[in-house]
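This report concerns only the one structure given below.
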Amino acid sequence: MELTPDTTVYWQWQWVTINATLVNTWIVMALLAGTSWLVTRRFGLTAPATHAQTMLEALVAGVDGQIRAITQQPTQRLLPFVGTLFLFIAAANLLSIVPGFRSPTGSLSTTAALATCVFLAVPLYGIATRGLGGYLRLYIQPSPFMLPFNIIGELSRTLALAVRLFGNIMSGEMIIAILLSIVPLFFPVIMQLLGMLVGVIQAYIFAVLATVYIGSATAERRKDKTQD
């Protein structure tokens, strides 16, 4: 039994390897891009909204509301990044129900890449909001002695993001594979549906944690202005 889609290699030349993780990631990105184009190609204020457009607007409004509730800040900057994270992870996890498709989030390389995006986004959003000096001061609060601990905290939460998502998705796929080999009829179907629900929940948790981390790096300036 293959633990991750990394082990399925389709083509390799020297150090260049195309495996199931890369192919399935491209499939998810193509489906998201294609669906977005189909839904929004006739999008306008004058044209009547279709059911797909209404669902898309509801999804965007839901993500926007969650970001606003968590950060208590304007959402224009955060919405594209957090929304993309949620949609990619949710779509990748939901597609695992398709026979032969292995979710790329079942690979530690994918989850590590997503966590790295969050790791880089935190200082970028923080510097854009507070300025370089204001953001760097966060690492020495409440005292300069906290500098190494704050740095370790940044690294450890990035590692936790990657391992949490990878562990939940991989363990779910392993359980389903074991049940399919033991009880190949009714029970595995229930586990597949449960796995889809868990996949969406994991996408939500990842997006919420990313929002919390970025929000904590950008909220201090607003607090300072209020005190001033």
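Note: hydrogens, waters and symmetry copies are ignored here, and every other heavy atom, side chains too, is used. None of the values given here were measured: they were computed from a predicted structure.
Considering only residues two or more places apart in sequence or on other chains, N19 meets the side chain to side chain donor-acceptor pair (under 3.5 Å) condition with none of them. Residues that satisfy the side chain to side chain donor-acceptor pair (under 3.5 Å) test with N93, not counting sequence neighbours, are S103, T105.
Tracing side-chain contacts under 4.5 Å through hydrophobic residues (I, L, V, M, F, W, Y), one never reaches L159 starting from L161; they form parts of separate clusters. Under the 4.5 Å side-chain heavy-atom criterion for ILVMFWY residues, a single connected hydrophobic cluster contains both V118 and I151. No path of Ile, Leu, Val, Met, Phe, Trp and Tyr side chains, each step under 4.5 Å between heavy atoms, connects L94 with M55, placing them in separate hydrophobic clusters. The hydrophobic cluster containing V163 does not contain Y204, counting ILVMFWY residues as joined when their side-chain heavy atoms lie under 4.5 angstrom apart, directly or transitively. At a threshold of 4.5 Å between side-chain heavy atoms, the hydrophobic network of Ile, Leu, Val, Met, Phe, Trp and Tyr places L59 and L38 in two separate groups.
A donor-acceptor distance shorter than 3.5 angstrom exists from the side chain of N24 to the backbone of R102, with no hydrogens or angles considered. No donor-acceptor pair closer than 3.5 Å links the side chain of Y213 to the backbone N or O of A121. Checked by atom type and distance alone, the side chain of T158 pairs as donor or acceptor with a backbone atom of E154 at under 3.5 Å. Side chain of D64 to main chain of V60: no donor-acceptor pair is present (N/O by atom type, distance under 3.5 Å, no hydrogens or angles).
Distance CG/L31 to OG/S36: 10.5 Å, rounded to 0.5 Å. Atom CZ of F88 sits about 6.0 Å away from atom CG of L114, to the nearest 0.5 Å. A distance of 13.0 Å separates CZ of F206 from CZ of F86, quoted to the nearest 0.5 Å. If you take CG on L79 and OG1 on T84, they are separated by 8.5 Å, rounding to the nearest 0.5 Å. Separation of atoms CD1 (I67) and CD (Q72) is listed at 12.5 Å; rounding is to 0.5 Å. Expressed to the nearest 0.5 Å, how far CZ of R68 lies from CG of L78 amounts to 11.0 Å.
Around atom CE of M146, more than 12 heavy atoms belonging to other residues, nucleotides or ligands sit under 6.0 Å away.
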Self-check item: Full working for side-chain contact (heavy atoms from CB on, under 4.5 Å) between V122 and R157
Solution: CA-CA 12 Å; V122 171; R157 73 186 186 187; 3.6 Å; yes

Practice problem: Test side-chain contact (heavy atoms from CB on, under 4.5 Å) on V23 and W11 and set out the steps. | Solution: CA-CA 11 Å; V23 173; W11 182 81; over 6 Å; no

Practice problem: Step by step, work out the side-chain contact (heavy atoms from CB on, under 4.5 Å) result for R77 and T129. | Solution: CA-CA 10 Å; R77 289 183 175 180; T129 304; 3.9 Å; yes

Exercise. Dump the intermediate steps for side-chain contact (heavy atoms from CB on, under 4.5 Å) on M196 and V200, then the final yes or no.
Key: CA-CA 6 Å; M196 293 174 63; V200 175; 5.8 Å; no

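Between N168 and I201, every side-chain heavy-atom pair lies at or beyond the 4.5 Å cut-off. Using a 4.5 Å cut-off on side-chain heavy atoms (C-beta onward), R130 and L138 make contact.
The minimum heavy-atom distance between F81 and Y125, with the atom names listed, is CB-OH, 3.4 Å. Across every non-hydrogen atom of G83 and V63, the tightest pair is CA-CG1, 4.1 Å. Residues T71 and G215 share a closest heavy-atom pair of CG2-CA, 3.9 Å. When all heavy atoms of Y10 and A20 are compared, the closest pair comes out as CE1-CA, 3.5 Å. Residues Q76 and P74 share a closest heavy-atom pair of OE1-CB, 3.2 Å. Closest approach of G126 and Y135 over heavy atoms only: CA-CD1, 3.9 Å.
Checking L197, L165, T111 one by one against Q202, the side-chain contact (heavy atoms from CB on, under 4.5 Å) holds for a single residue, L165.
Side-chain atoms of Q73 and T218 form a donor-acceptor pair, as typed in the model, at a separation below 3.5 Å.
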